[in-house]
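All remarks here apply to the structure that follows.
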Amino acid sequence: MSFLDIRYYKHLTSTIDRNLDFSAFMDFEHHYQTSVNKEQYSIEKAYFSYQESRTEDTIDPKLQSIIDMESKLLGVLVNMERTGIYVDAEKLRSIGEDITQESKHKELEIYDLVGERFNINSAKQVQNILFEKLKIPVSKKIKTGYSVDNEALSLIGQKYEIANIILQYRTLEKLRSTYIDGLLKVINPETKRIHTTYNQLGTSTGRLSSEAPNLQNIPSGSGYSAQIKSCFCPQSSEFSFLVADYSQIELRILASLSGDKALTEAFLRWEDIHTRTAHFLFWEHTVITSELRRIAKSVNFWVIYGITGFGLSKVINSSPAEATQYIDAFYAMYPWVRAYYQSVLDGAQKNGYVETFYGRRRYIPGVRDSNKMIRAWAEREAINMPIQGTEADVIKFAMMELADFFKKDSYKSRMLLQVHDELVFEIHTSEKEIMETKIRSIMEGIFPGNIKLLVDIHTGANWSEAKG
DNA sequence: ACAATGGTCC
DNA sequence: ACTCGGACCATTGTA
């Protein structure tokens with residue numbers, strides 16, 4: 001277990017138990033950061049330092065179970081990293097050429113409209129062109145001047161076509177720079193595959209992060225995004241892709257943790273939860289249009305984040321007052337959720353931390369701060385962490401069980417990626433049936449809450465085809 | 001090198 | 001009044 005290096009210790013201090021003296025560890029970390037060979041740090045060293053610096057004598061058994069899980073998970077992650085994922089470089093390059101061509105075209109179109117050449121990639125220069133030269137009214141301000149981000153340009157685009165073309169140009173450039181050039185650069189020449197690195201220490205909720213490259217933010221839309229995603233595929237024809245994702249896992253966990261009757265019943269009756277919320281929010285409408293459902297979906301989504309009416313209003317394009325009404329209506333519909341949130345905040349006040357279903361902790365000192373803004377921020381963090389963190393715990397436990405299963409009978413199929421609520425597999429043709437059955441049963445069976453977790457499974461010849 | 005801005009994902 | 005749940009990365013521009 002030589003991979004259980006210093007990352008593990010850092011994880012303990014940062015996401016599991018922040019109540020530690022960090023100084024004993026600084027030397028260790030310095031060596032880690034300057035070291036070429038990460039493997040030289042053993043679990044024994046890390047664990048020793050951890051014990052040395054603990055301020056309590058005993059460790060909460062629930063916390064210990066998380067520590068044990070993380071220890072074992074590291075080996076699973078290392079296997080996934082080493083396995084990597086194949087990318088059709090030729091296809092990716094060819095898509096890149098299409099994008100470049102279209103991008104060049106947009107570029108010229110912009111110069112033509114403006115009557116001047118400038119660097120469209122520079123926010124500053126775009127500001128100058130739009131607001132100084134073309135005298136377009138400002139829609140949104142930022143620290144250093146006038147914003148030209150997506151939100152601002154979309155507004156401007158209602159009247160000035162130039163903003164829409166800049167948006168289109170940006171989208172193309174984003175795809176080209178980050179996902180074409182960026183990915184081509186990190187294909188391993190020996191394996192022809194991309195090997196990401198999972199960071200177990202990167203988040204404060206217990207989620208994994210993925211870096212060098214980040215394979216957790218590959219675009220998922222249609223058009224070029226789908227084309228890029230389709231470049232992720234099996235290396236040989238004996239394999240296909242399988243994507244298994246938890247369906248509405250946050251809301252299901254919220255239902256279990258809060259025990260809310262209405263939310264629980266809705267799930268037990270297999271109702272469409274977004275439509276149900278929409279019916280309640282827009283009770284005066286007899287027909288729920290897709291637009292109304294979209295708003296209700298945003299409300300459901302952002303209530304989990306502990307967001308304010310102001311924030312929600314930006315997402316659903318309404319006034320803050322209207323958005324606040326929606327949030328209040330949500331709480332009226334699911335009163336136990338509000339009570340549950342209150343109990344989470346009370347716990348944060350009392351203990352200084354909040355915890356997941358499995359006992360993973362996040363220390364939140366801000367809930368005791370005298371500054372109202374800081375406190376409000378801390379409260380949103382506190383409300384979100386048990387849900388997002390439990391989700392992270394659930395999929396991590398599932399991954400470990402899946403890894404055991406794959407290993408036990410020496411299957412040829414492999415687990416390749418984790419994207420927070422989704423796992424990507426490379427499935428050998430001969431193992432298709434058993435894999436579908438087992439992956440579903442392991443993932444759905446891991447969480448013992450009142451509400452059963454649901455897993456959607458899609459298969460296909462590549463990542464794009466296999467997505468939901 | 002580093003901050004600011006912007007954009008992609010769950 | 002309000003820039004807000006959790007991440008990583010590219011580009012520009014300044015130090």
Side-chain angles (χ1 to χ4, degrees), chain A residues 15 118-128 140-154 166-167 169-183 185-186 196-221 224-225 228-229 245-250 254 301-315 319-321 323-324 327 341 354 362 364 366 372-392 395 417-423 467-468:
Chain A
T15 77
F118 64 102
N119 188 346
I120 311 167
N121 291 325
S122 162
K124 199 176 176 187
Q125 293 184 38
V126 172
Q127 285 175 40
N128 285 335
K140 180 182 168 191
K141 286 183 182 173
I142 52 173
K143 220 176 344 183
T144 58
Y146 307 126
S147 175
V148 285
D149 67 5
N150 200 322
E151 186 194 335
L153 288 190
S154 298
I166 292 176
L167 279 175
Y169 171 84
R170 259 203 207 142
T171 306
L172 294 168
E173 277 301 292
K174 175 73 178 179
L175 291 176
R176 189 195 54 73
S177 66
T178 306
Y179 299 108
I180 303 283
D181 295 355
L183 290 177
K185 254 185 270 182
V186 292
T196 186
T197 303
Y198 288 105
N199 189 348
Q200 268 173 294
L201 321 166
T203 72
S204 36
T205 56
R207 273 191 177 180
L208 296 174
S209 70
S210 156
E211 57 195 355
N214 180 0
L215 292 183
Q216 291 179 321
N217 72 343
I218 302 299
S220 64
Y224 287 127
S225 296
I228 289 170
K229 215 160 187 176
D245 67 288
Y246 282 109
S247 169
Q248 293 167 342
I249 184 168
E250 289 103 339
L254 177 61
F301 191 59
W302 285 93
V303 161
I304 290 171
Y305 293 161
I307 202 184
T308 61
F310 179 80
L312 178 65
S313 69
K314 293 289 178 193
V315 180
S319 68
T324 304
I327 293 176
Y341 280 164
V354 291
R362 176 177 184 178
I364 305 193
K372 198 177 170 184
M373 288 280 284
I374 292 179
R375 217 165 49 239
W377 188 308
E379 286 172 358
R380 285 193 294 275
E381 290 175 342
I383 280 175
N384 175 254
M385 187 275 175
I387 300 168
Q388 191 181 118
T390 300
E391 172 191 5
I395 196 163
L417 300 178
Q418 190 253 40
V419 193
H420 308 307
D421 67 348
E422 158 185 339
L423 294 172
K467 84 177 162 85

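Quick note on labels: first sequence line is chain A, next is B, and so on, each numbered from 1.
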Exercise for the section: Determine the interatomic distance between C1' on dA1(C) and the same-named atom on dG7(B); round to the nearest Å. Expected result: 27 Å

Exercise for the section: Grab the CG-P distance between Leu312(A) and dT3(C) for me, whole Å please. Expected result: 16 Å

Fill in the blank from the handout: Taken to the nearest whole Å, CZ/Arg362(A) to C1'/dA7(C) is 12 Å

Fill in the blank from the handout: Thr144(A) meets the side-chain contact (heavy atoms from CB on, under 4.5 Å) criterion, sequence neighbours left out, with Ile142(A)

Problem - For Glu211(A), salt bridge (Lys or Arg N to Asp or Glu O under 4.0 Å) partners two or more places apart - result: none

Handout entry: Atom C1', compared across dC2(C) and dT8(B): separation rounded to whole Å
Key = 25 Å

Exercise for the section: Starting from C1' on dG5(C), measure out to NE2 on His420(A) and report it in whole angstrom. Expected result: 12 Å

Problem - Spacing of Tyr146(A) atom OH relative to dT5(B) atom C1', expressed in whole Å - result: 17 Å

Handout entry: Touch class at under 4.0 angstrom, heavy-atom based, for Ile142(A) against every strand present
Key = sugar-phosphate

Problem - Dot-bracket encoding per residue of DNA chain B, Watson-Crick/G-U cut-off under 3.5 Å, | denoting interstrand - result: ||||||||||

Practice task
Please state whether the phosphate of dG7(B), meaning OP1 or OP2, lies under 4.0 angstrom from any side-chain nitrogen or oxygen of Arg170(A).
Solution key: yes

Exercise for the section: Give Gly306(A) one of three labels, base, sugar-phosphate or nothing, depending on what nucleic acid heavy atoms sit under 4.0 Å from its own. Expected result: nothing

Handout entry: Arg176(A)/Glu173(A) salt bridge by N-O under 4.0 Å criterion
Key = yes

Fill in the blank from the handout: Asn384(A) meets the side-chain contact (heavy atoms from CB on, under 4.5 Å) criterion, sequence neighbours left out, with Thr205(A), Ile304(A), Tyr305(A), Gln388(A)

Fill in the blank from the handout: Applying salt bridge (Lys or Arg N to Asp or Glu O under 4.0 Å) to Lys124(A) and not counting sequence neighbours gives none

Exercise for the section: Go through the structure and list residues passing side-chain contact (heavy atoms from CB on, under 4.5 Å) with Ile383(A), not counting sequence neighbours. Expected result: Tyr341(A), Leu345(A)

Exercise for the section: List for me each residue that meets side-chain contact (heavy atoms from CB on, under 4.5 Å) alongside Pro219(A), sequence neighbours excluded, and say none if there are none. Expected result: Leu175(A), Tyr179(A), Ser225(A)

Exercise for the section: Compare side-chain N and O positions of Trp377(A) against OP1 and OP2 of dG5(C) and report whether any pair is under 4.0 Å apart. Expected result: yes

Problem - Length of the CD1-C1' vector between Ile120(A) and dG6(B), whole Å - result: 15 Å

Practice task
Count the heavy atoms belonging to other residues, nucleotides or ligands that lie under 6.0 Å from OH of Tyr146(A), then report whether that count exceeds 12.
Solution key: no

Practice task
Please determine if a side-chain N or O atom of Thr196(A) lies less than 4.0 Å away from the OP1 or OP2 oxygen of dC8(C).
Solution key: no

Handout entry: Reported CG-to-OG distance for the pair Asn214(A) and Ser209(A), which is rounded to 0.5 angstrom
Key = 7.5 Å

Exercise for the section: For Phe310(A) and dC4(C), give me the distance from atom CZ to atom P, rounded to whole Å. Expected result: 11 Å

Problem - Nucleotide-resolved protein contact map, nucleotides 9-15 of chain C, B/S/- at heavy-atom distance under 4.0 Å - result: SSSSSS-

Practice task
Measure from the side-chain heavy atoms of Asp149(A) and tell me the nearest of dG6(B), dC10(B), dG6(C).
Solution key: dG6(B)

Fill in the blank from the handout: Ile249(A) CD1 to dG5(C) P, in whole Å, measures 21 Å

Practice task
May I have the distance from Glu381(A) (atom CD) to dT3(C) (atom P), rounded to whole angstrom?
Solution key: 15 Å

Problem - Carboxylate-amine/guanidinium contact Lys467(A) Asp245(A), below 4.0 Å - result: no

Polar atom pairs between nucleotides 1-3 of chain B and protein, under 3.5 Å, N or O only, would you list them?
none

Completion exercise
Residues at least two apart in sequence or cross-chain that pass salt bridge (Lys or Arg N to Asp or Glu O under 4.0 Å) with Glu250(A), listed by chain then number, are none

Problem - Where at least one partner belongs to residues 373-391 of chain A, residue pairs that pass salt bridge (charged side-chain N to carboxylate O under 4.0 Å, His left out), sequence neighbours excluded - result: Arg207(A)-Glu391(A), Arg362(A)-Glu381(A)

Problem - Distance test, side-chain N/O of Ser220(A) to OP1/OP2 of dC9(B), below 4.0 Å - result: yes

Handout entry: Which residues share a side chain to side chain donor-acceptor pair (under 3.5 Å) with Thr196(A), sequence neighbours left out
Key = Ser210(A)

Practice task
Could you tell me whether Ile304(A) contacts a base, only the sugar-phosphate backbone, or nothing, with contacts defined as non-hydrogen atoms closer than 4.0 Å?
Solution key: nothing

Exercise for the section: Could you check whether Ser225(A) gets within reach of a base, just the sugar-phosphate, or nothing at all, counting any heavy atom under 4.0 Å? Expected result: nothing

Practice task
Quick one: label Gln388(A) by what it contacts on the DNA or RNA (base, sugar-phosphate, nothing), any heavy atom closer than 4.0 Å.
Solution key: base

